[in-house]
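What follows is one structure encoded as structure tokens, with my remarks underneath.
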Number of protein chains: 2
Amino acid sequence: MTNIRDIAKMAGVSVTTVSRVINNHPYVSEDKVSAVKAAMKKFNYHRNINAVHLSRGKTHLIGVVVPFSNHPYFGLLIEGIANAALNHNYKLALIQTNYEEAKEMEALRMLEDKQIDALIICSRICEWDVIESYRKYGPIVLCEDSRNDKISTTFIDHYKTFTMALDYLYKKGHHHIGYTIGRQTGTNSKQRDAAYKEFLTRYSLRYEPNYIFTSRFDVEDGVSVVENLLDMKNRPTALLVTSDQVAAGILTACRENGLFVPDDVAIMSFDNQPISKVMHITTLEIPFVEVGKKLFQQALNDHEVSHEEIQVRLIERKTV
Amino acid sequence: MTNIRDIAKMAGVSVTTVSRVINNHPYVSEDKVSAVKAAMKKFNYHRNINAVHLSRGKTHLIGVVVPFSNHPYFGLLIEGIANAALNHNYKLALIQTNYEEAKEMEALRMLEDKQIDALIICSRICEWDVIESYRKYGPIVLCEDSRNDKISTTFIDHYKTFTMALDYLYKKGHHHIGYTIGRQTGTNSKQRDAAYKEFLTRYSLRYEPNYIFTSRFDVEDGVSVVENLLDMKNRPTALLVTSDQVAAGILTACRENGLFVPDDVAIMSFDNQPISKVMHITTLEIPFVEVGKKLFQQALNDHEVSHEEIQVRLIERKTV
DNA sequence: GTATGGTATGAAACGCGTTTCAGAGCAAGA
DNA sequence: TCTTGCTCTGAAACGCGTTTCATACCATAC
């Protein structure tokens, strides 16, 4: 393998000059530029990227932490980040945690080891103070509603959004509203819970514990929601659902069991993925491409901490 | 930042000894081991991973090329590879190409630059000879049916599978079978086309060009298939569909348009994703986790080229 | 008593590009 | 004429861990 010193020798210049040519630095005479380029071509020179990384202390790699990759929510987020990264000539290091804390720690350690320039955590399990303690090694960006002063975030205000959605359903005449979520813990879920309780209080509605369905992530979990629904005496008349995927499951199971949507149960979900369009599901659109782009921009910015709120948009279709 | 030399000095040993301790090499006396470990702890030593990469010429990073990340097919594949990678302490560099050749070339160049130890291409656009020419820089693995002698592959024999599926439909009484695919070019599509034509010949059936629906990737594309179907005089009685996603779109649109499944059109698809279970779609299961695992194993093996055929399994449900 | 082989340790070379610093040459402005 | 300020170039330092090679010691083996 030829290295920069070989090229320098071949072209009759110093390594500095070769480096300057490679990196398009000014102040190199034309004839030296062409001499260097000729030598590089002749010897099929390729710089050792790891030497560049060592020397610069940067890798142009951004770590992305997700619990799963096959879930549409995270898939879309990855897609958004990947597109932004590609435009800026960054590569992505994907770290799939399956919600294991050890894996998330590994990602943080990659930042510490300078294997990645920044870390985007799409869904965390680690405590805030753990994450904060790694901030000194590089930018860390979270996709979570928090006005932390060290860590940048891009987020959806789930309290606001949930309140808006609940009010919308209430205005449509629904006074018995249930909801489904994924993880019970987690900032998003807490915000939703708070918004829900505030809503009940505001309209003097009773809190029904069995109107809340936890651990619903995927289509199949939607089916199980309907199974529960069928067993209930006083069913909710409307359901605010984790995602379009879960909603699709609910909708399908409802049809099979003679439950009419929206007459027996109204369905409103999150994301606005293609399936919701096809099934005419009323949903709250989350602009993932924008979220990904923002997350990426924040990851590049080591100097200032910012918090970007992303607005969701109500898409009215036929399930409410 | 403390480096290995600082630690060596602090512990009163040579850098070699420190390196040996770090990497658990034998032949270091116990007292030196503990002296080194103490020094590392005291100064919060972390080795610079980029120096390791430079020195070793390996990065423990595997490149994964996908056209999109949010598509369930690729999401599942990524999931499978990511899980295998995590178990072997490898990291994934995700390269999303959007089917742009330039991006795929960039991935190949990452291999050349030693930024990644191996490359897994889930769906290619580059020509074989281009890919082959990069083989000398490291293992390249494809997810495509080809018995190339330089490049390892893990694949589904789509000719065989398609034939099997068509025969199954034929035996169920379907003599007018259409099919949908994603990209028109690409090995998989060619294999399916060949299998389809062979099937028609074998049973002396007429080739109907409008029974073939190209560029169907997602749920929404399934809806458009049904729109076409409704316009046709002699509809196919069965459809072999790209993926469960597309099938879900078709099924939904059929219901809306008074087309009964399977009586008016039978549907059979690929993947066996959760949605197919929920919607009772008869499908051909592709074991993505296994595919991902195999791909990863081949990526690690630079010495021998292998070809792993993955068997699909028919899951009979209610759409045929 | 000598040969053999494992244990323990360190100096030095190796992988390789970037960047700082110093200096030379030349032109425009004072 | 002297200063100021580009333009151009290269030596050397820097980032840092791994690995080869040489050496020394001690303990069996013959």
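- A donor-acceptor pair under 3.5 Å links the side-chain atoms of B/Arg124 to the main chain of B/Cys126, judged by distance alone.
- Contacts of residues 45-54 of chain B with DNA chain D (heavy atom under 4.0 Å): B/Tyr45, B/Arg47, B/Asn48, B/Ala51, B/Val52.
- When the salt bridge (Lys or Arg N to Asp or Glu O under 4.0 Å) test is applied to B/Lys293, no partner is found at least two apart in sequence or on another chain.
- Scanning for side-chain contact (heavy atoms from CB on, under 4.5 Å) contacts around B/Ile4 gives B/Val15, B/Val18, B/Ser19, B/Ile22, B/Tyr45, with sequence neighbours left out.
- For B/Asn44, there are no side-chain hydrogen bond (donor to acceptor under 3.5 Å, both in side chains) partners at least two apart in sequence or on another chain.
- Between chain A and DNA chain D, the heavy-atom contact criterion of under 4.0 Å yields a 5' to 3' nucleotide range of D/dC6 to D/dC16.
- Panel note: side chain A/Thr153, backbone A/Asp145; no donor-acceptor pair is recorded below 3.5 Å.
- Ring geometry for A/His71 against A/Phe74 counts as perpendicular: the plane angle is over 60°, on a 0 to 90° scale with 30° as the lower cut.
- Taken to the nearest 0.5 Å, the SG atom of A/Cys122 stands 11.5 Å off from the CG atom of A/Leu76.
- Within the 3.5 Å criterion, the main-chain N or O of B/Arg183 finds a donor-acceptor partner in the side chain of B/Ser189.
- Of the residues in residues 29-42 of chain B, not one comes within less than 4.0 Å of DNA chain D through any heavy atom.
- Every residue two or more places apart in sequence or in another chain that forms a side-chain contact (heavy atoms from CB on, under 4.5 Å) with A/Val312 is listed here: A/Ile156, A/Thr161, A/Met164, A/Leu284, A/Ile286.
- When atom types are taken as modelled, the side chain of A/Asn87 and the backbone of A/Ala84 share no donor-acceptor pair closer than 3.5 angstrom.
- Every residue two or more places apart in sequence or in another chain that forms a salt bridge (Lys or Arg N to Asp or Glu O under 4.0 Å) with B/Lys91 is listed here: A/Glu106.
- Considering only heavy atoms from C-beta on, A/Phe288 comes within 4.5 Å of A/Tyr73 through its side chain.
- Scanning residues 2-20 of chain A for heavy-atom distances under 4.0 Å to DNA chain C yields A/Asn3, A/Ile4, A/Arg5, A/Thr16, A/Ser19.
- A search for ring-ring contact (aromatic ring centres under 6.0 Å, His included) contacts involving B/Tyr90 returns B/His60, B/Phe296, not counting sequence neighbours.
- Across B/Gln298, B/Glu309, B/Glu308, a single residue satisfies side-chain hydrogen bond (donor to acceptor under 3.5 Å, both in side chains) together with B/Thr154, and that is B/Gln298.
- Between its opening and closing five pairs, the helix from C/dG1-D/dC30 to C/dA30-D/dT1 changes axis direction by 30°, a value rounded to 10 degrees.
- Among residues two or more places apart in sequence or in another chain, the salt bridge (Lys or Arg N to Asp or Glu O under 4.0 Å) test is passed with B/Arg135 by B/Asp302.
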